[in-house]
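The next block holds one structure in the form of structure tokens; read it before the comments.
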2 protein chains.
Amino acid sequence: MRLDREQIVAAALRLLDEVGVDGLTMRVLADALKIQAPSLYWHFKNKQSLLEAMADALIAPVARAVPPGSWAEQVSFIAWELRAALRSRRDGARVFAGTFSINDNVIRTADHLIGVLMAAGLPRQKAAWGALTVTYFVLGFTIEEQGAYEPGGSEGVALAARREEFTRFIGDRYPHVAACIPDIFDGDQDARFRLGLEMQVAGLKVLSSAS
Amino acid sequence: MRLDREQIVAAALRLLDEVGVDGLTMRVLADALKIQAPSLYWHFKNKQSLLEAMADALIAPVARAVPPGSWAEQVSFIAWELRAALRSRRDGARVFAGTFSINDNVIRTADHLIGVLMAAGLPRQKAAWGALTVTYFVLGFTIEEQGAYEPGGSEGVALAARREEFTRFIGDRYPHVAACIPDIFDGDQDARFRLGLEMQVAGLKVLSSAS
DNA sequence: ACCTGAACACCGTTCAAGT
DNA sequence: ACCTGAACACCGTTCAAGT
């Protein structure tokens, strides 16, 4: 009957899908757990550390087992897994980005990434920095991707409204952006991610050949 | 004597350097302006729209005049300008990332970027998506860069403490990360940015040759 | 060991009223 | 047109007290 940290984190992640990160307050979470808000402070020293535990749980599945293949395939595999993990909950990417936390799961992911790049022949520093760069890409992409669709339940409507406002704002002052509106708004997110990821991998390749 | 939006935004940006984005409340801002908090709502419909105006002002200098050069040089120029603009205020990158706002300055930057890439021969969709990818990199990099140094005035100490905690946490379980600690913590930020940016440009190059 | 009740010091925001 | 005073419905967090 008594709660432990694991159950609280699980409930918090479930709630995240319902209310989003801005709606996830200590009182709302306590209500869902049928306890009082101050009780949460017995398990977590503050809200930030609860969010860190949530971020940790969120990316727990990432880079557990990387299948054999070229280094480019392995980097891509981890990047796809990371995006999938962040997308698995509403506002997942924002929750993760908000915690600069050092936890097992994030380190394991970094370790895999750096290891793959070093095995590919990158010098240590370039492997480390290259791994960080790929991670920033995945995180930035996913934050934006989740931000575009989220505000309220009726996603399609909100997106259409945003597109119209955007089109009106552009007018004819910014011809390049205007021409790209279909790409920005209809774009297949998976295809867009694939292209961005190809850019990162190509960049890593150049880093390795320039040694 | 009476205030307008411009003066409020300027004061808010000044305050940002003192108190950070988490300390920038409507009451604190009102105090600095020697008015009462509710008065701010005559000028801005809510805090979000004030933050959007701040983000707009923050990147106003970006991509105003792009010097002649190869497309790779021009993309790099804009990326360096964007990072500099975000870094010009404490938490600048977080303020910017928090507003998914459509404003003149952000569109002008995107328009320049897409225009340069299309002139370089990229098809429209790849130019649009490539421009977004570069932007995510700059934003992600700068958020992390500012996050590492900020918590409280005594930056050097906080960083050293973080490094020690990090080293202890890693132990010998993650050899690749352990070997990279100097790169992650001593790293020259400009050099790291340069490398990440080179990756983006190399990726764009591959996109254009693969057409 | 785990939880409650009451309280503190804040938030963003609304709104009638002032000048 | 611009600002104030008072208030509302919240926050995160502390702390003594309960079981």
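Per chain, numbering begins at 1; letters A, B, ... match sequence-line order.
Under the salt bridge (charged side-chain N to carboxylate O under 4.0 Å, His left out) criterion, A:Arg89 pairs with A:Asp17, sequence neighbours left out. Under the salt bridge (charged side-chain N to carboxylate O under 4.0 Å, His left out) criterion, A:Asp190 pairs with A:Arg83, sequence neighbours left out. By the salt bridge (charged side-chain N to carboxylate O under 4.0 Å, His left out) test, B:Arg87 is found to be paired with B:Glu145, residues two or more places apart in sequence or in another chain being considered. The side chain to side chain donor-acceptor pair (under 3.5 Å) check on A:Asp183 picks up B:Arg124, with sequence neighbours excluded. Legend: residues meeting side-chain contact (heavy atoms from CB on, under 4.5 Å) with A:Val177, ordered by chain and number and at least two apart, are A:Phe166, A:Ile170, A:Tyr174, B:Ile107, B:Ala110, B:Asp111, B:Ile114. B:Thr99 is linked by a side-chain contact (heavy atoms from CB on, under 4.5 Å) to B:Gln48, B:Leu51, B:Glu52, B:Ala55, B:Ser101, counting only residues two or more places apart in sequence or in another chain.
Between the CG atom of B:Leu29 and the P atom of D:dC3 there is a distance of 12 Å, given to the nearest Å. One can place CG of A:Asp22 at 16 Å from P of D:dC10, the figure rounded to the nearest angstrom. For the pair A:Met26 CE and C:dC11 P, the interatomic distance rounds to 19 Å; values are reported in whole Å. What separates CZ of B:Arg2 from C1' of D:dT4 is a distance of 12 Å, to the nearest Å. As rounded to whole Å, 14 Å separates atom C1' of D:dT4 from atom CZ of B:Arg27.
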* Asked: If pairs are Watson-Crick or G-U with both distances under 3.5 Å, what is the dot-bracket string of DNA chain D, marking crossing pairs with [ ] and pairs to another strand with |?
  -> ||.|||||...|||||.||
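Pairs passing the salt bridge (charged side-chain N to carboxylate O under 4.0 Å, His left out) check and including a residue from residues 24-51 of chain A, sequence neighbours excluded, do not occur.
Within a heavy-atom distance below 4.0 Å of DNA chain D, the residues of residues 32-48 of chain B found are B:Ile35, B:Gln36, B:Pro38, B:Ser39, B:Trp42, B:His43.
Aromatic pair B:Phe141/A:Phe137: ring centres not closer than 6.0 Å.
Distance from the side chain of A:Thr25 is smallest to D:dG12 among D:dC2, D:dG12, C:dC3.
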